[in-house]
Amino acid sequence: MSPREPDMKILADSVAAQGAAPGFFATLREDVACVFARDPAARNTLELLTIYPGVQALMLYRVAHRLWRGNWRYAARALSFLARFLTNVDIHPGAVIGRRFFIDHGACVVIGETAVIGDDVTLYHGVTLGGTTWNPGKRHPTLGNGVVVGAGAKILGPITVGDNARVAANSVVIDAVRPGMTVVGIPGRMVLPKEGRRIAHGIDLDHHQIPDPVGKAIGCLLDRIAQMEREIASLKGEPTTAEGACRTCDDTCSQPTFDGSWKATAPIAPGA
């Protein structure tokens, strides 16, 4: 069994569970129709076919992938090269892409040879599904059904992103992602999904509404510091407040401790 066959089998089993796969032209019609559900700027089919690079790149990929599977490897790569020249989207013809796939804005997207993408996946511009090794075999990511990848995100290596996961813009994902989770940061960290989200058409496009684990951690540290200050003041017999040290701090942090006034009176350390 080749390194790619397990992922091909997974995709085949998924298709079998949903019924027989549609024909080639039916798949293209699905690719075009799904854009109207995910892009409010889409007006008509003629516009999608002529001036949407993501749609054009996908249609050319479908043809190139058929050539690749038929062992017409040079022809497939040549068509892929032409598609990249015309659309600025680089999809290797050996990649496996499911149904109703959409690349929004279609610029600077790279999808590697051994990448596997499920159904109803959405990528934004600047996304890379890349490898981390020069060794042959499975070296690119596998994306489950309903995954949304924000602009500029990089998913690297033979990892799996589970169904309905979201990858925040400019994240770098190097570890597997569980289904339904959101990934943020560099390197990407999984955070719990937001409860009660409204998902239109079964696709969660609110990839900009993501938790901020760093901000939450800083908030927890500030609360802990305020608690310690109250305990110290209590031990020293000084009056305590519920707010902690910063009571009226604004975005510019204008408290006397932080406004620079200490520079005039603070002693200068030797060698400073």
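The figures here come from the full heavy-atom set of this structure, side chains too, leaving out hydrogens, waters and symmetry mates.
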Which atom pair, heavy atoms only, marks the closest approach of Val121 to Leu123? CG1-CD2, 4.0 Å
Closest non-hydrogen atom pair between Ala64 and Ala76, with its separation: O-CB, 3.3 Å
Would you kindly confirm whether Leu86 and Leu28 end up in one hydrophobic cluster when ILVMFWY residues are joined by side chain heavy atoms under 4.5 Å apart? yes
Drop me the distance from Thr87's OG1 to Leu82's CG, to the nearest 0.5 angstrom. 9.0 Å
Apply the test side-chain contact (heavy atoms from CB on, under 4.5 Å) to residues Ile103 and Tyr61: give CA-CA distance (whole Å), side-chain angles for both, the deciding distance (0.1 Å), then the verdict. CA-CA 12 Å; Ile103 303 175; Tyr61 155 79; over 6 Å; no
Quick one: list whatever passes side chain to side chain donor-acceptor pair (under 3.5 Å) with Asp104, sequence neighbours left out. none
Yes or no on side-chain contact (heavy atoms from CB on, under 4.5 Å) for Val149 and Ile155, after CA distance, side-chain angles and deciding distance? CA-CA 9 Å; Val149 185; Ile155 306 177; 4.0 Å; yes
Is a side-chain donor or acceptor of His65 paired with a backbone partner of Pro93 at a separation under 3.5 angstrom? yes
Same hydrophobic cluster for Val110 and Val161, using side-chain heavy-atom links shorter than 4.5 Å among ILVMFWY? no
Closer than 3.5 angstrom, by distance alone: can the side chain of Arg84 be matched with the main-chain N or O of Val89 as a donor-acceptor pair? no
Where do Leu129 and Pro141 come nearest, in terms of heavy atoms and distance? C-CD, 3.9 Å
For the atom pair NZ (Lys138) and CD (Glu113), what is the distance rounded to the nearest 0.5 Å? 10.5 Å
Apply salt bridge (Lys or Arg N to Asp or Glu O under 4.0 Å) to Glu47 and list each qualifying residue two or more places apart in sequence or on a separate chain. Arg43
Gln227 side, atom CD; Ile232 side, atom CD1 - distance, nearest 0.5 Å: 11.0 Å
Does any donor atom in the side chain of Thr182 or Arg166 lie under 3.5 Å from an acceptor atom in the other side chain? yes
So does Ile91 get a backbone contact from the side chain of Ser80, meaning a donor-acceptor N/O pair under 3.5 Å? yes
Shortest non-hydrogen contact from Leu67 toward Leu79: CD1-CD2, 4.4 Å
Working note: Val172 + Leu156, criterion side-chain contact (heavy atoms from CB on, under 4.5 Å); need CA distance, chi angles, decisive distance, verdict. CA-CA 8 Å; Val172 178; Leu156 306 176; 4.3 Å; yes
Which value, rounded to the nearest 0.5 Å, describes the distance between Thr132 atom OG1 and His140 atom NE2? 8.5 Å
Leu48 and Tyr52 have their tightest heavy-atom pair at O-CB, 3.2 Å
Co-membership, hydrophobic cluster, residues Ile174 and Val127, 4.5 Å side-chain: no
Asp163: partners by salt bridge (Lys or Arg N to Asp or Glu O under 4.0 Å), with sequence neighbours left out: none
From Thr27 atom OG1 to Leu58 atom CG, the distance as rounded to the nearest 0.5 Å: 9.5 Å
His105 side chain to Ala107 main-chain N or O, any donor-acceptor pair under 3.5 Å? no
Identify which one of Arg62, Arg100, Arg38 satisfies the salt bridge (charged side-chain N to carboxylate O under 4.0 Å, His left out) criterion when paired with Asp31. Arg62
Heavy-atom donor-acceptor pair, Gln56 side chain to Leu49 backbone, under 3.5 Å: yes
Path from Leu60 to Tyr74 over hydrophobic side-chain contacts below 4.5 Å: no
Is there a path from Val55 to Phe36 through hydrophobic residues (I, L, V, M, F, W, Y) whose side chains come within less than 4.5 Å of each other? yes
Would you confirm whether Lys154, through its side chain, and Gly126, through its main-chain N or O, come within 3.5 Å as a donor-acceptor pair? yes
Within the 4.5 Å heavy-atom criterion, are Thr45 and Val32 side-chain neighbours or not? yes
Taking Thr128 for the side chain and Gly130 for the main chain, is one N or O donor matched with an acceptor at less than 3.5 Å? no
Heavy atoms only: give me the nearest Phe102-Cys34 pair and the separation to one decimal. CB-SG, 4.3 Å
Answer yes when Arg99 and Asp119 have at least one side-chain N-carboxylate O distance shorter than 4.0 Å, and no when they do not. no
